[in-house]
Amino acid sequence: MEVPKSTETRWSRVAPSLPVRNVQDLACPEGLTEETLRYIRLDIQEDEVLAEQYSEVPVIDLGKLFNPNFAEEESARLRFACEDWGFFRLVNHGIPEEIIASIRTDIERFFKLPLEVKSDYSQLPGDLQGYGQSFVVSESQTLDWSDMFVIIAHPAQARDMKYWPVQPHTFRKSIEDYSSELMKTTHSIVTVIAKTLNIDLELIGDKYVCQYLRMNYYPPCMTMAEKVLGFSPHSDGSFLTLLLEVNSVEGLQIKRRNAWVPVKPNPNALLVNVGDFLEIMSNGKYKSIEHRVRINTKQERLTLSAFYVPSLDGLVSPVTGGAEEKALYKTVGVEEYSKLYMSNKLDGKRALDHAKLL
Ligand SMILES: O=C(O)CCC(=O)C(=O)O
Ligand SMILES: [Fe+2]
């Protein structure tokens, strides 16, 4: 897969950084201060939370997708998951346990480093790479009760990176190992997705060339957990996203039939979701679903999201099944769409709504 060299610098124009406070450093105050009060959200949707649907997120077994005895049935389940939920749990994903264990440990260690050390990482060259305050966030995220560290980790691009974080000292290896394993897993899923949509794999080939790893840290908040959000409601501006729950503290909720469904962490699985570009390409058959993160009163939540994004030069068009199926989306330029996604010019709508044909 070709990865355009210019991607890194162009991203800084697509997604300029907004200054945000380091939330972990606010140190879960016992009382409210002026600084923490600004995180109180008046817009937390009071939609129903359906805790009883907790365990219903579809589970897909990657092994079965490639086992001739089960492939047909499992692919049908995958199709249902993408159509009806936009999310699924991936079990039997094939990533060696040691690799997952190392990345988990290193992410935990990373967020425990003193603020000065982590902040140094925000000065690293490479635009889409940085920690906390100086890093790219969209306008709606400036009030999020969380910190993040993002790194471009597509193996081909990562090799060109000259400066890697040196603490924890195994960080680079953990990231590289996880990243390349995950790339293989993603390729397998995409192969099946292409089949279920009856789309030539070649047509999808350039839709998941860039992999961005984003480590999320959601500090607990004793005094006002109910009033803050770790991550504002959003759908992902990716083709596909694969989430690893670094620890098992809950918080993620997904929108389903106008209610929020909490997702129970599963240490042995990944959580996969359809992103905006896949919704467009599937002409709306597969859904890029809104999700958000709530905050815990006592425990920190740690996750690692991997976003698979098309090359900035590319275009994404809806693929229709023939003359009788009308296109419901415009063809979008990836760069232009990403700019819109990151901007605050969405008038309360999602970027995806701008891609829909009326
Ligand atoms: O941390 C989570 O559970 C969700 C993160 C997420 O939605 C994202 O990174 O886009
Ligand atoms: Fe997300």
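One-based numbering, in listed order, for ligands and for the atoms of each. The shown structure was predicted, so the numbers you read here are calculated from the model rather than taken from an experiment.
- In Thr241, neither the side chain nor the backbone holds a heavy atom less than 4.0 Å from any atom of ligand 1.
- Distances from the Fe ion (ligand 2) to each N, O or S atom of His234 single out NE2 as the nearest.
- Here is the list of ligand 1 atoms found below 4.0 Å of a heavy atom in Leu243: 2 (C), 3 (O).
- Heavy-atom proximity to Phe307, at under 4.0 Å, picks out these atoms of ligand 1: 8 (C), 9 (O), 10 (O).
- Of the options Tyr329, Tyr308, Tyr337, Phe239, a ring pair (Phe, Tyr, Trp, His ring centres under 6.0 Å) to Phe277 is made by Tyr337 and by none of the others.
- Close approach of ligand 1 to His291 (heavy-atom distance below 4.0 Å) involves ligand atoms 7 (O).
- Ranking protein heavy atoms by distance to atom 8 (C) of ligand 1, first place goes to Phe231 CE1, 3.4 Å.
- No part of Glu245 comes within 4.0 Å of ligand 1, judged by heavy-atom distances.
- Distance alone, capped at 3.5 Å, is enough to place a donor-acceptor pair between the Arg294 side chain and the Glu226 backbone.
- For the pair NE2 of His291 and OD1 of Asp236, the angle whose vertex sits at the Fe ion (ligand 2) is 90° to 10 degrees.
- We find the CG-CZ distance between Asp84 and Arg79 to be 13.0 Å, quoted to the nearest 0.5 Å.
- Residue, atom and distance of the protein heavy atom nearest to atom 5 (C) of ligand 1 are Tyr218 OH, 3.5 Å.
- Although no hydrogens or angles enter the test, the distance criterion places a donor-acceptor pair under 3.5 Å between the side chain of Lys118 and the main chain of Phe111.
- Under the 3.5 Å distance criterion, the side-chain polar atoms of Arg104 are matched with a main-chain donor or acceptor of Glu245.
- A salt bridge is absent between Arg256 and Glu56; no separation between the charged side-chain nitrogens and carboxylate oxygens falls under 4.0 Å.
- Note that the CZ atom of Arg77 and the CZ atom of Phe88 stand 11.0 Å from one another [nearest 0.5 Å].
- Residue Leu252 has at least one heavy-atom neighbour below 4.0 Å for each of these atoms of ligand 1: 3 (O), 4 (C).
- The closest protein non-hydrogen atom to atom 3 (O) of ligand 1 is Arg301 NH2, 2.5 Å.
- With hydrogens and angles ignored, the 3.5 Å screen pairs no side-chain donor or acceptor of Asp106 with any backbone N or O of Ile103.
- Separating the CG atom in Leu242 from the CG atom in Leu182 is a distance of 5.0 Å, to the nearest 0.5 Å.
- Listed by number with element, the atoms of ligand 1 under 4.0 angstrom from any heavy atom of Asn216 are 1 (O), 5 (C), 9 (O).
- When hydrogens are left out, the protein atom nearest atom 9 (O) of ligand 1 is Ser305 OG, 2.7 Å; that is the closest non-hydrogen contact.
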